[in-house]
Asker: 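Can you read through this structure? Questions will come right after.
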Amino acid sequence: MSPYGLWYIVCQMTRNAHSWTDSAAQAQLTLQPVDTGSVLKDKIYHALKEAIGEMDIYASTEELRLDERQLSEKLGVSRTPVREALCRLEQEGFVRTVPRRGAFVVRKSKREIIEMVTVWAALEGMSARLATQRADAAEIARLRHMFATFEDGREPQAHIDEYSDRNIEFHQTILRLGRCELINAITENLFIHLRGIRARTIAERDRAERSIIDHMHIIEALEARDSDLAERLVREHTLTLAEHIEKHVDYLN
């Protein structure tokens, strides 16, 4: 083979090698544009959902209107992603849209709330059972610490707002201690409505005083790792809320 022919072959091999390298690099760097809009939408959705969850939905019978313009100003965004977040919340049953009037926070009926409490009782009871198996001693001890100030003679009824917050935190903590992601996902949406009902009814008919006694018995069952007793006590305790609503709550009708 002539020197020229050898030189030609080497050039072709070098060119092919560069071509393969470029193709491999292009395959590895195939990227899709980052959709920053979806991140913003999720943030707005979660912010609005959290804000609704913190509202005292059942404190009065007045309609709770959500003004798109005010929401967009407070969030520092345009009205379009706010509107999309409200549509998403409407699909989940937290918001209802009325033509030419706007969006409103949904209040559940008495029957719907009782059904929610019943489902919560079953799920929280199972979480208590799981907590006896999965939670460590320090986590269970923190449940007792929540009510330490009330064990020293402070009457829950005299400090009802503080006790109400502790009561809600207690029930949420039991759910977390069960460490079941599906139960937590289901109860997350129930909680938005039940939080308001718990906060309002805890001050009615000495429920606070009876509630703290129930809580202490539940904590003792968790500390003893008695799965059957813990599940039963939590379930029965929550079902007393359903009974109270059925007999004494008229503002949900």
Asker: Do any side-chain atoms of residues 50-58 form donor-acceptor pairs under 3.5 angstrom with protein atoms, and if so which ones, sequence neighbours left out?
Answerer:
{"residue": "Tyr58", "atom": "OH", "partner": "Lys108", "partner atom": "N", "Å": "2.9"}
{"residue": "Tyr58", "atom": "OH", "partner": "His193", "partner atom": "ND1", "Å": "2.9"}

Asker: Mark yes or no for whether Arg65, through its side chain, and Arg101, through its backbone, hold a donor-acceptor pair below 3.5 Å.
Answerer: yes
Asker: Output all residues satisfying side chain to side chain contact (heavy atoms under 4.5 Å, CB included) with Arg111, sequence neighbours left out; order by chain, then residue number.
Answerer: Ser109, Ile114, Glu115, Glu246
Asker: Could you pull out all residues at least two apart from Ser72 that satisfy side chain to side chain donor-acceptor pair (under 3.5 Å)?
Answerer: none
Asker: If hydrophobic residues (ILVMFWY) are linked whenever their side-chain heavy atoms come closer than 4.5 Å, directly or via other members, who joins Phe104 in its cluster?
Answerer: Val98
Asker: Does the side chain of Tyr45 pick up a donor-acceptor pair with the side chain of Lys49 at under 3.5 Å?
Answerer: yes
Asker: Could you pull out all residues at least two apart from Thr132 that satisfy side chain to side chain contact (heavy atoms under 4.5 Å, CB included)?
Answerer: Leu222, Ser227, Ala230
Asker: Go through the structure and list residues passing side chain to side chain contact (heavy atoms under 4.5 Å, CB included) with Ser78, not counting sequence neighbours.
Answerer: Thr80, Pro81
Asker: Using side chain to side chain donor-acceptor pair (under 3.5 Å) as the criterion, list what pairs up with Glu68, not counting sequence neighbours.
Answerer: Arg83
Asker: Got a sec, which pairs hit ring pair (Phe, Tyr, Trp, His ring centres under 6.0 Å) with one end in residues 64-90, sequence neighbours left out?
Answerer: none
Asker: Under the rule for side chain to side chain donor-acceptor pair (under 3.5 Å), what residues qualify as partners of Glu90, not counting sequence neighbours?
Answerer: Thr97
Asker: Kindly say whether Tyr163 contributes a backbone atom to a donor-acceptor pair with the side chain of Asn167 at under 3.5 angstrom?
Answerer: no
Asker: Restricting to ring pair (Phe, Tyr, Trp, His ring centres under 6.0 Å), what partner residues turn up for His46, sequence neighbours left out?
Answerer: none
Asker: Under a 3.5 Å threshold, yes or no: a donor from one side chain and an acceptor from the other, between Arg205 and His244?
Answerer: no
Asker: Only pairs at least two apart or in different chains count here, so list each ring pair (Phe, Tyr, Trp, His ring centres under 6.0 Å) that has a residue in residues 214-239.
Answerer: Phe147-His215, Phe170-His215, His171-His215, His171-His237, His215-His237
Asker: Once salt bridge (charged side-chain N to carboxylate O under 4.0 Å, His left out) is applied, what residue pairs with a partner in residues 126-136 remain, sequence neighbours excluded?
Answerer: Arg129-Asp228, Arg129-Glu231
Asker: Going through the checks in order, is the side chain to side chain contact (heavy atoms under 4.5 Å, CB included) test met by His248 and Glu243?
Answerer: CA-CA 8 Å; His248 305 295; Glu243 294 172 4; over 6 Å; no
